[in-house]
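First up is the structure itself, then whatever we jot down about it.
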Amino acid sequence: MSIASPRPQDNDFTLKIGNVNGTGSASANSMLMKSLFRMGIPVCGKNYFPSNIQGLPTWYEIRVNSEGHLARSGRVDVMVAMNAETYRKDHAEVATGGYLIYDSTWPRSQLFNRADVHILGVPLSRICNENFDNARSRILMKNIMYVGVLAALLDLDMNIIKQLLNEQFAAKASLLDANQKAIDLGFAYAKEHFSCPLPFRARTLDKTRNHIMIDGNTTAALGCLFAGATVGAWYPITPSTSLMDAFKKFCDKYRRDPETGKANYCIIQAEDELGAIGMVLGASWNGARSFTPTSGPGISLMNEFLGYGYFTEIPAVLFDVQRCGPSTGMPTRTQQADLMACAYASHGDTRHVLLFPANPEEAFYQAVQAFDLAERLQTPVIVLTDLDIGMNDWMCRDLNWDDSFKPDRGKVLTVEQIEALPKFNRYLDTDGDGIAARTLPGTHPKGAYFTRGSGHNMYGAYTEDAAEYQVVVDRLRRKFDTAKELVPPAEIHASEKCRTGFLTIGSCDNAVKEARALLAEQGVHVNYLRVKGFPFGKDVQDYLDSHDRIYVVEQNRDAQLRSLLMLETRVDPNKLQSVLHYDGLPILAKTVVDGVNQDLARGKAA
Amino acid sequence: MSIASPRPQDNDFTLKIGNVNGTGSASANSMLMKSLFRMGIPVCGKNYFPSNIQGLPTWYEIRVNSEGHLARSGRVDVMVAMNAETYRKDHAEVATGGYLIYDSTWPRSQLFNRADVHILGVPLSRICNENFDNARSRILMKNIMYVGVLAALLDLDMNIIKQLLNEQFAAKASLLDANQKAIDLGFAYAKEHFSCPLPFRARTLDKTRNHIMIDGNTTAALGCLFAGATVGAWYPITPSTSLMDAFKKFCDKYRRDPETGKANYCIIQAEDELGAIGMVLGASWNGARSFTPTSGPGISLMNEFLGYGYFTEIPAVLFDVQRCGPSTGMPTRTQQADLMACAYASHGDTRHVLLFPANPEEAFYQAVQAFDLAERLQTPVIVLTDLDIGMNDWMCRDLNWDDSFKPDRGKVLTVEQIEALPKFNRYLDTDGDGIAARTLPGTHPKGAYFTRGSGHNMYGAYTEDAAEYQVVVDRLRRKFDTAKELVPPAEIHASEKCRTGFLTIGSCDNAVKEARALLAEQGVHVNYLRVKGFPFGKDVQDYLDSHDRIYVVEQNRDAQLRSLLMLETRVDPNKLQSVLHYDGLPILAKTVVDGVNQDLARGKAA
Amino acid sequence: MSFITKPKVAHPQLPRNELKLTVRDYEGAMSTLCAGCGHDSITGAIMQAAFDLSIPPHRMAKLSGIGCSSKTPAYFASASHGFNTVHGRMPSVATGANAANPELHYIGVSGDGDTLSIGLGQFLHAVRRNLNMLYLIENNGVYGLTKGQFSASADVGSKAKKGDTNQQPPIDPALTLLATGATFIARSFSGDREQLVTLIKAGMKHRGFAVIDVISPCVTFNDHEGSTKSYEFTRKHSMTAIYTDFVPPAKEIRTAYEIGQAMPVQMHDGSQIVLRKADGAYNPTDRVAAFEYIQKHQQAGEIVTGLLYIDETKPDMHELANTPAVPLASLPFATVCPGSKALASIQSRFR
Amino acid sequence: MSFITKPKVAHPQLPRNELKLTVRDYEGAMSTLCAGCGHDSITGAIMQAAFDLSIPPHRMAKLSGIGCSSKTPAYFASASHGFNTVHGRMPSVATGANAANPELHYIGVSGDGDTLSIGLGQFLHAVRRNLNMLYLIENNGVYGLTKGQFSASADVGSKAKKGDTNQQPPIDPALTLLATGATFIARSFSGDREQLVTLIKAGMKHRGFAVIDVISPCVTFNDHEGSTKSYEFTRKHSMTAIYTDFVPPAKEIRTAYEIGQAMPVQMHDGSQIVLRKADGAYNPTDRVAAFEYIQKHQQAGEIVTGLLYIDETKPDMHELANTPAVPLASLPFATVCPGSKALASIQSRFR
Ligand SMILES: Cc1ncc(C[n+]2csc(CCOP(=O)(O)OP(=O)(O)O)c2C)c(N)n1
Ligand SMILES: Cc1ncc(C[n+]2csc(CCOP(=O)(O)OP(=O)(O)O)c2C)c(N)n1
Ligand code: SF4
Ligand code: SF4
Ligand SMILES: [Mg+2]
Ligand SMILES: [Mg+2]
């Protein structure tokens, strides 16, 4: 061919598969991802699926990068176009010098007319029809077959693929053979008709040892399991549903009493989100660690109860797996646009403690921490992840658990402590940290008090007295200062002399770090801070103070992180330059680099 | 007596009546207020009532001020203590040189032992028992009797009081005589036993001509009536309930078809606030002007639907009669703590247009304007009043109506316009103001479109495409710039050379204006701006730019107005000094003055 | 007004209704539901009924909540305004829309999750107001769009695709509606097009809140062995309690019904619904009898279908509110604004 | 644990229960309700029942929503934890509390507005879960705390104090609960203390969701001529369908009941409820019969009281969830945290 062959790119390319949802391409895709992972090559997989069950276009994107840059790449080097409906779009998306593979049972030489892209036709359907009989399996085999084709083209390790097949179909041998056959057919066809491997190819490395490929909803569920959460209440909503699904699976295995078979957990599918948060508050009030996973619309419905939890000081853990808003928005796209809604959820002077994991690994540790914070601070804590973290496949370091870990249950009075008191006063701050001790129902008659969202004084009695009311809300404000010291410190990478810095949050992490590397190549050095919790601690204020130009990178339209910084720190807003991305797809390093370069061009930066 | 008699204070004192709620003191209190009003003396009445129906302490406070300063005064010159339960509190509250009147049927010389307060005992119960027989009327007459006592002590115009009695009991003459008798008895007793009038006394003026005494819920209801609202949906909640009560009364009188007697309005008592806002959106979508009154908890429950209204661009008018939060809070106390909750209600990148009336007069005009704005901007508009404005008695200028007024129904396509179109595209911005034309159901088949809170493109079709989605949310952002020019301009009183200014909102108006006067006496001149709408217009930015020190006065703990200014203007936050009041009672001029003086003392101000 | 949508494509053969429209003129966008989803059959039945009744497409309003079922209003009558509200809150939106304009034909489409879980409160309060609309529950016993969790209509013992068994008793729409005073209660099956089309017509003519609980199998998550909402199970266990014929206005009843067995019900527009008992015992105007009958058969594992209860005499929301026949939304400003004189006289009471 | 509240004041004369407590030890703060409010009588009945059953005050949990009725948990058992939730959402809080600790006695107090308007959805879903608690509806037909608007239980034709007449049909708790599968349905009157105390005891012993709809007149807003929830109207029109006796465990039944008429129901703790029919026709274990009976008398303008329906056989939420007898909240951390080894083995599946 006359196409300028690209620089050979071992272990550095993006593979994208376009398909129709509901046709069972998931296992084929994860097999590709896992085979690369097991070859020791850093890899990630992102799933762009429709808010629909069957028949609409869906894509799976695998980025391979030996340096470990695993944000969305924004380019496609190898496209497998399995969905005729999106041929045009998919064809257009391939980078110059890239490859497009499609089912040439029905040739499309007209359509695929780009001179700068290699078109590789594989008659998948024909081969399937020749080799498999029943209709359903033909569709499935077509998918598994492109694994074989790609194995040849990318030089994947066939032993690993066999291994994966064996694991997957350990149970049903019949399927194993069919799948193996399909892969071999694809492999053979590619070997025979194309010069393998392509310039984009995999080479075994040793960079995935002590790592796992996992999604954040699964790790968050693990966090709840290990934190000792016993009551989970929820109402299904994309993209948070798989969090409770995972929790249930883990509980079924690890929370059954060995003798009695009783369930040492209770998961309640509520009638809606108002019900779910009410159940969590009820369970926490009664001393159980309790949580609810949801997404934006659920947070909106929980507003009244969140204010109640704040004012009555009841622990609660929420997971907001953010999706693309406003309103119903795009349920299967990602965004970080619930920051303001969560920080100040509910009417009146109300504010909440937030955690911001950046990836599945942090989702695990912060899930655990959320329960400690909620019980220590006696207030709702919202862990904000997003669809990208929650539902995509991330390469993370192994999760570790310290068996000496003791949960912080906060100021809960024991029977003896209650007995020792002359009188129990629910909202009396005795040690100045803004937190009053609570008692659990059923413990002791002297510990009884009345929980109410209406005006109450420091003794817990009903009040409409101006002064008594103000004492309580002023203490709540002080409690928030205590929270600043308890939320996890920010991740910071900074060199003294550099006065320019990034300030970002959550799943922007990878893209911003990659951008730092790209800018460094370009000779531009930018420090790095990623907030992990709200309210912001001293470390964030110091970072803001010690920089002249700060690029606030976030995935929403209204610069919500920047807004929180303006409201909750003493930063000069003119220092804060927003870099925003909010189209529903995960942010790119390129977007960040461009943002910085445009600003530099405007000559504003230090 | 040996008490230093205070400077005679004609038409400048505060009268407070302590009573038990549910004993029917309301008519006596309003008679006192109205008699002063009709004497031409500026007056206001504030009601501090419990969140309870019967038996708890309640107070009514009347401030008389010839200068027209009618914020809460914070001092009590004449206390009528009718509730033995609060004798101690009420006694303590009287200012030095002031007077306390109580029912001396049961003398309390021990309790009322302050040397600096005049105690006037009137054996109200004894007189009642001697002059009236049935039990219920004895309680009522005790209340009406203190009107007579005060008439003598304050030198009220007895003819006006007679007049008021006649109006009130026009229907039931029997009651008229009893009430007149009670008043005369009280009057006679006071004349006989005390040196009347007191140094605190009323003198006829001519300062209430062309004014009315009215509450803001009533005027807001009038605004809805005159704006042509036909569908009202609500769920009862203090302190907003009387708004819909008033609307219903007015509609019964002015919205009945003279021939058929049909109701040209539809008021629906919803099952809750989620239902109420849903009904408003449905009615507005169908072309009716529709509204819902509520308070904080209702706003929290409406969060999901508010985001829906923003994203689908459906007009809606809400009234948030703010009460003291967080959560259920103190339902019968006032606050301005829903600013943030309303401005950014709902998850995702969502923002709302807000109006901030300062008093019942503005509540009327802004209620009308809210419907124009909602239909022009095709978005929910929230009018934020509060309990002080909504339920207390304010002296306002007469309300005027221009019969040539034409409502702005916004961009609604007529049959002809639809016919003329090649194709109707719901979300296409054809003239750059960020507002697309809409059609009403049933108008024309070509005008049909599908309203959805999920991702849609500019043509109104469903989309999950990143670029198509972003076009829509970017336009929504532009629409908000248009809103800046449409919201009412701020009220500004500023002298060029003065670089210090107040910036305040809503019901703080009177207190801040009185504070200005007091500071002026002290030689400190401070300019004045009161925001009337959100997003803020250019006038607000200019004011911020042209001042070095700005006192942001508001009634909430978390400086929510200051927060909105920081987020939505380019102001240097260091210029903004908060003066906060949030104990549930209306703000005092003194609080404002103290705030400024403390700041001056800190030597920070210009 | 009376506009007629231009026929999409001229189909000389296709039958035309009184508006000269073909059934194709009642079509909407392409369905994106799973092949074989019961909801698509219901969509077809709605188009057929609207066509048969010659309703001008732009005089219908389609409303829904959120779910696979709630997507369907996009798949019929593209010349009608559609309102895809938030999850479970369609009844309130329909209430407001109806208050503003009683002239349109309101068709609500919801799911069992949208109606019986998150939406139960609003649903029953719309019943209480006897809101004038047709409300379809596309009942598949699961949350389809969120991938198959049990809904509040799942039967005890019903098996989920992932394996676990539902333990909680279902909320049965028919029984609940009988207890809460609904005025039109029907049950049908997406697989029984003929019955469904007739019931939809009857429901659209009913003056008040007409609910049709339509068993509508979810082929992806609840059509397997062990499901009690599968095609097979429903076919096997459903029984018609009563046959319904719809007779348009003016047409007088020709078919001869056996005495006692036939029961004509007069609708407000002059059309009639004729009920023929499949089971002599059944009386669809007797709340208690209906309750007993449905409950009895339910315990026997049978799904009773047909027009289970009807009461044409109850006032609807507008009659209760005493609103005019013309839409409130269309009243001229002069009619609704009292003007300056009124304002002056009102203020005299505040001095 | 078993603590006993120290008797408030020594009243040598006052009778003491098995815990040596007097009824005064079950008192709470002073009521702030209107003099004569029906709710206060119910508060008294709850204290009496808890005293009679010798329940340790600190082993009760009192929950409510918002309203005058929902204030009442502050007026009894000050040694019990109380939870005054937000308006209409008490059932969900009770569900979570119960999930965490099944050992406490849960008493929910709500109003007709709190339960049947804003709270209807949560209420019926708690029914569906057969949550183990006693739920009292203090039903006065109005929103008392917001000054007398009609609630969803207001009868057609009932007059408001301000004059207007309610047009909308009421949501009747008893009928709705029969349709939605409740396992303990009773109705009583705040003026009939004896019946009420017995029903409260029975409800507290019921394993599952026990609802008592108590007509509780609002003297301030709904006790006037023309009201159908006034003391006078209720006295005149209520009729007992069935008499209930509560027999504590161990005590065997002494009173001789006429054959056929007496029906003992065994409760899970060994106590018994003995039902004696006032009206031979009535059978409180037959859903359909109960529905018919209540509906019939309702149409005759009669308010049927007593234990209208009971089913002790149905599993409650915990049985369905297969949770242990000990509170989940009390499980030691070691029991609920799988530990590092488990974490390692879990991760092997993610490589
Ligand atoms: C407030 C809110 N919570 C949750 C969801 C997620 N959600 C979308 S559809 C659905 C259930 C739909 O079930 P059903 O009404 O039975 O419709 P089906 O898909 O079965 O036809 C849920 C829980 C949502 N969209 N909004
Ligand atoms: C979200 C919310 N909406 C409205 C209110 C106002 N509100 C307080 S009590 C109440 C009704 C109470 O009626 P009911 O439950 O019958 O109790 P009752 O006072 O009659 O005993 C309402 C509407 C509220 N507190 N919260
Ligand atoms: S998931 Fe089920 S309900 Fe949804 S479209 Fe597919 S078949 Fe229909
Ligand atoms: S208003 Fe009615 S319900 Fe409330 S306390 Fe008074 S009498 Fe009872
Ligand atoms: Mg469903
Ligand atoms: Mg009530």
Side-chain angles (χ1 to χ4, degrees), chain B residues 37-38 212-214 222 225-226 228 230-231 233 250 254-255 257 260-266 268 270-272 274-276 278-288 290 304-305 308 398-403 405-407 415 440-445 447-454 462, chain C residues 1 3-6 29 56-59 61-63 73-74 77-86 89-101 103-104 121-122 125 129 317-318 321-325 327-331 333 335-340 342-344 346-347 350-351:
Chain B
F37 175 76
R38 290 195 184 181
I212 52 174
M213 293 297 306
I214 197 164
L222 277 172
L225 179 76
F226 279 72
T230 50
V231 177
F250 291 129
Y254 296 101
R255 285 283 187 80
D257 184 288
T260 64
K262 289 282 183 186
N264 284 332
Y265 67 96
C266 185
I268 311 170
E271 56 275 19
D272 65 11
L274 288 88
M279 292 168 189
V280 168
L281 290 171
S284 304
W285 172 75
N286 235 346
S290 179
E304 187 189 20
F305 256 136
Y308 183 91
D398 288 355
L399 305 176
N400 297 314
W401 185 256
D402 171 0
D403 287 320
F405 172 82
K406 294 260 159 299
V415 173
L440 299 183
T443 310
H444 191 296
Y449 69 94
F450 200 73
T451 302
R452 50 164 71 81
S454 46
Y462 180 82
Chain C
M1 271 166 278
F3 294 93
I4 308 305
T5 37
K6 238 182 256 72
H58 73 289
R59 302 300 287 169
K62 314 169 293 183
L63 298 97
S78 45
S80 307
H81 271 64
F83 201 131
N84 185 196
T85 70
V86 292
R89 318 297 177 186
M90 176 256 279
S92 63
V93 172
T95 303
N98 198 311
N101 183 355
E103 288 180 342
L104 303 180
Q122 287 210 345
H125 279 275
R129 297 186 181 95
M317 183 179 77
H318 280 282
N322 189 31
T323 46
L328 290 173
S330 70
L331 294 172
F333 188 66
T335 312
V336 291
C337 178
S340 56
L343 186 57
I346 288 169
Q347 292 181 82
F350 294 94
R351 296 184 204 280

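Quick note: numbers below take in every heavy atom, side chains included, and nothing from hydrogens, waters or symmetry partners. Throughout, a chain's letter reflects where its sequence line sits, starting with A, and its residues are numbered from 1.
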Quick one: what part of [X] sits under 4.5 Å from any heavy atom of chain C, side chain, backbone, both or neither?
| X | value |
| --- | --- |
| B:D398 | both |
| B:Y449 | both |
| B:V280 | neither |

So which residue, [options], ends up with the most heavy-atom pairs under 4.5 Å with chain C?
| options | answer |
| --- | --- |
| B:A288, B:G453, B:A276 | B:A288 |
| B:C266, B:A233, B:S454 | B:C266 |
| B:G228, B:G278, B:G261, B:A270 | B:G278 |

Between [X] and [Y], is any pair of side-chain heavy atoms under 4.5 Å apart?
| X | Y | result |
| --- | --- | --- |
| C:P338 | B:L225 | yes |
| B:W285 | C:V93 | no |
| B:T260 | C:P324 | no |

Counting only N and O atoms by type, is there a donor-acceptor contact under 3.5 Å from the side chain of [X] to the main-chain atoms of [Y]?
| X | Y | value |
| --- | --- | --- |
| C:R351 | B:R38 | no |
| C:N101 | B:G287 | no |
| B:D403 | C:S340 | yes |

B:F405: ring pair (Phe, Tyr, Trp, His ring centres under 6.0 Å) partners, not counting sequence neighbours: B:W401, C:F333
By ring pair (Phe, Tyr, Trp, His ring centres under 6.0 Å) - contacts of B:F305 (at least two apart): none
Non-hydrogen atoms of [X] and [Y] that approach each other most closely:
| X | Y | value |
| --- | --- | --- |
| B:Y254 | C:I346 | OH-CG1, 3.2 Å |
| B:V231 | C:L328 | CG2-CD1, 4.2 Å |
| C:S78 | B:A448 | O-CB, 3.5 Å |

Contact origin within C:P73 toward chain B - heavy atom pairs under 4.5 Å: both
Residue C:S80 versus chain B: region with a heavy atom under 4.5 Å: backbone
B:F37 ring center within less than 6.0 Å of C:F350 ring center: no
Worked verdict on C:L104 versus B:N286 for side chain to side chain contact (heavy atoms under 4.5 Å, CB included): CA-CA 10 Å; C:L104 303 180; B:N286 235 346; 3.9 Å; yes
Plane angle bin for B:H444 and C:H58 - parallel if under 30°, tilted between 30 and 60°, otherwise perpendicular: tilted
If you count heavy-atom pairs within less than 4.5 Å of chain B, which of [options] leads?
| options | result |
| --- | --- |
| C:A325, C:A29, C:A97, C:A74 | C:A97 |
| C:T95, C:T335, C:L63 | C:T95 |
| C:A99, C:A321, C:A61, C:A344 | C:A99 |

Between atom [atom1] of [X] and atom [atom2] of [Y], what is the distance when rounded to the nearest 0.5 Å?
| X | Y | atom1 | atom2 | value |
| --- | --- | --- | --- | --- |
| B:F450 | C:N84 | CZ | CG | 4.5 Å |
| C:L331 | B:R255 | CG | CZ | 8.5 Å |
| C:L343 | B:F226 | CG | CZ | 4.0 Å |
| C:H125 | B:D272 | NE2 | CG | 8.0 Å |
| B:L274 | C:R89 | CG | CZ | 4.5 Å |
| B:K262 | C:H318 | NZ | NE2 | 10.5 Å |

